[in-house]
Amino acid sequence: MGGIWFDPEVLSDSLSETAGYKSGLALSIEAMCDHLSDTPYADLLRESETEIVRIRSEDYDDLFYKLLHRIGYTTVEFDGDVTGIGLFHKYKGTELEKTHEGVVELFVQTWPGIMQQTQETGGKSLDPEPFMRAAFEKYGHEGLAMAYERLLVLDRGIKLRPHSGQRYREWRNIEELESLFKGGSGDPEVGVFIDQRFINYLYANHGKIIEMHWRKFEELTAEYFQREGFNVELGPGTNDDGVDVRVWKEGQDKNIDAPHIIIQCKRQKHKVEKVVVKGLYADMLFQKAELGLIATTSELSPGAKQTLVTRGYSIEEVDNIGLQKWLETLQTPGTGIVRV
């Protein structure tokens, strides 16, 4: 098997640059090793900082695909299949095997012409219509579905392989992953309050949510309600009188109407005490809000839950499990996360 030699520091720089280009997230050597800690690649990366290392080309690809998956760029780790071998095994021994073999033959026949046509016209993308039309005319809807599967395999391989310049989104900027934990970063490129790349990352690494910067947690909360169709106002982050996010129903005027929901965000490990519940209820009365919500990376303490029950406060809780459901709703294909 072919191997690649890397001078000191080159492997980690190459990996960070290529993964950052594809996913839009820039990672430090520490972050890469952290996400690969259960693989031999973490030790290899550390060694490569001071030593010349050699890695087989297929292992470099495997390392790259693991990293993309673990930072939330793919929902399933890419297996490197660019030839359709997975489809071959899928249909082998079934009544559709001959149909699949015929579709593959049509691909071999039509694809060179498609590539030549693109070159002659100076196009920037390939038009697969001749291949798909041929598959449909010869094998009907089953053939068309198989042709589409093959195109997905081809597209996935081109856009995920580390040696290809293609990617799923042309990012204007590369976000530093550290910004999720230390705060800062510019305006979201995809998203209103928090960048989609951070959402995708947290969906794949839910255990890291407790480590995210408190302001990013407020932004995540605001983003969820924004995408649910509400009018949302994110507080200033300091001197907000205990109200982090205000939410109005569609059609309400936030300059005139009282908020529908006011939200207190608690990114913390320990349970939320009843004093927070009482404080939020006082804010509800003052602002004439219909509902209160505590969004927390932990959960309410038994005393806080009892206070809600005995006093009948119109306050709800979204705990760590609820946040995971939020992230599942918010993760979006085509903006840095790819369904493969």
Side-chain angles (χ1 to χ4, degrees), residues 71-72 75 180-181 183 188 190-235 237 240 242-250 259-284 287 289-333 335-337 339:
I71 62 174
T75 53
L180 177 62
F181 305 106
V190 180
V192 177
F193 295 101
I194 188 171
D195 199 283
Q196 184 67 41
R197 286 166 281 189
F198 293 141
I199 293 173
N200 297 338
Y201 174 84
L202 289 170
Y203 176 71
N205 299 273
H206 186 70
K208 297 284 188 180
I209 197 167
I210 188 62
E211 300 175 27
M212 69 187 298
H213 191 269
W214 60 267
R215 185 58 171 173
K216 290 297 180 191
F217 184 56
E218 293 177 357
E219 292 171 0
L220 174 64
T221 300
E223 188 76 26
Y224 175 78
F225 283 93
Q226 175 77 23
R227 296 197 195 179
E228 287 293 298
F230 293 95
N231 296 317
V232 179
E233 179 182 87
L234 178 64
D240 54 16
V243 179
D244 299 314
V245 181
R246 293 172 175 82
V247 176
W248 287 264
K249 294 179 182 177
E250 184 178 2
H260 173 52
I261 309 172
I262 61 173
I263 304 173
Q264 176 80 89
C265 299
K266 290 294 183 182
R267 188 233 54 190
Q268 58 190 48
K269 293 182 179 180
H270 57 273
K271 295 182 179 181
V272 179
E273 297 297 339
K274 61 183 178 182
V275 65
V276 175
V277 171
K278 291 180 178 180
L280 182 58
Y281 184 68
D283 290 329
M284 288 174 57
Q287 300 193 24
E290 297 177 51
L291 298 170
L293 177 71
I294 296 174
T296 176
T297 51
S298 179
E299 63 178 339
L300 296 184
S301 68
K305 292 179 180 180
Q306 185 62 37
T307 298
L308 288 180
V309 173
T310 57
R311 301 199 177 189
Y313 291 163
S314 298
I315 295 176
E316 297 182 2
E317 169 197 14
V318 174
D319 60 10
N320 198 32
I321 296 175
L323 293 175
Q324 193 164 8
K325 294 178 181 178
W326 279 10
L327 291 168
E328 184 175 6
T329 300
L330 292 171
Q331 55 124 359
T332 307
T335 53
I337 190 166
R339 297 187 183 277

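Quick note: numbers below take in every heavy atom, side chains included, and nothing from hydrogens, waters or symmetry partners.
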**Message:** Donor-acceptor check, side chain of His206 to backbone of Asn320, threshold 3.5 angstrom: yes or no?
**Reply:** yes
**Message:** Can a donor-acceptor pair be found, under 3.5 Å and without considering hydrogens, that links the side chain of Gln196 to the backbone of Leu330?
**Reply:**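 Flag set: sc Gln196 to bb Leu330 pair under 3.5 Å.
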**Test log, rule side chain to side chain contact (heavy atoms under 4.5 Å, CB included), inputs Glu228 and Thr329** = CA-CA 10 Å; Glu228 287 293 298; Thr329 300; 4.1 Å; yes
**Residues in salt bridge (Lys or Arg N to Asp or Glu O under 4.0 Å) contact with Glu299, at least two apart in sequence or another chain** = Lys271, Lys305
**Asked** With sequence neighbours excluded, what pairs up with Arg227 under the salt bridge (Lys or Arg N to Asp or Glu O under 4.0 Å) test?
**Response**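 Applying salt bridge (Lys or Arg N to Asp or Glu O under 4.0 Å) to Arg227 gives Glu223.
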Nearest 0.5 Å please: distance from the [atom1] atom of [X] over to the [atom2] atom of [Y].
X      : Y      : atom1 : atom2 : value
Ile294 : Leu308 : CD1   : CG    : 6.5 Å
Glu290 : Met284 : CD    : CE    : 9.0 Å
Leu293 : Cys265 : CG    : SG    : 8.0 Å
Lys325 : Asp319 : NZ    : CG    : 8.5 Å

**Sequence neighbours excluded - ring pair (Phe, Tyr, Trp, His ring centres under 6.0 Å) pairs with any residue from residues 296-325** = Tyr281-Tyr313
**Request:** List the steps, then state whether side chain to side chain contact (heavy atoms under 4.5 Å, CB included) holds for Asp244 with Thr221.
**Result:** CA-CA 9 Å; Asp244 299 314; Thr221 300; over 6 Å; no
How close do [X] and [Y] get, heavy atom to heavy atom, and via which atoms?
X      : Y      : result
Gly229 : Glu250 : O-CB, 4.0 Å
Ala222 : Leu234 : CB-CD1, 4.2 Å
Ile209 : Thr297 : O-CG2, 4.1 Å
Ala289 : Ile262 : CB-CG2, 3.9 Å
Ala204 : Gly72  : CB-CA, 3.6 Å

**Item:** Of Asn231, Leu291, Ile261, the residue whose pairing with Val247 passes side-chain contact (heavy atoms from CB on, under 4.5 Å)
**Value:**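 Exactly one candidate clears the test, Ile261.
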**side-chain hydrogen bond (donor to acceptor under 3.5 Å, both in side chains) partners for Glu233, two or more places apart** =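 With neighbours one apart ignored, the set is empty.
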**Item:** All ring-ring contact (aromatic ring centres under 6.0 Å, His included) counterparts of Trp248, not counting sequence neighbours
**Value:**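 ring-ring contact (aromatic ring centres under 6.0 Å, His included) list for Trp248, sorted by chain: empty.
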**Prompt:** What residues, two or more places apart in sequence or in another chain, satisfy ring-ring contact (aromatic ring centres under 6.0 Å, His included) together with Tyr224?
**Reply:**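 With neighbours one apart ignored, the set is Trp326.
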**Prompt:** Taking C-beta and beyond as the side chain, do Arg197 and Val190 meet within less than 4.5 Å on heavy atoms?
**Reply:**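 Not in contact.
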Could you work out, with side-chain contact (heavy atoms from CB on, under 4.5 Å) as the rule, every residue matching [X], not counting sequence neighbours?
X      : value
Gln268 : Lys266, His270, Val272, Thr296
Asn205 : His35, Tyr201, Lys208
His213 : Arg215, Lys216
Gln306 : Thr310

**Message:** Pair Gln331, Thr75 - check side chain to side chain contact (heavy atoms under 4.5 Å, CB included), show working.
**Reply:** CA-CA 10 Å; Gln331 55 124 359; Thr75 53; 4.0 Å; yes
**Worked verdict on Leu220 versus Leu327 for side chain to side chain contact (heavy atoms under 4.5 Å, CB included)** = CA-CA 9 Å; Leu220 174 64; Leu327 291 168; 4.0 Å; yes
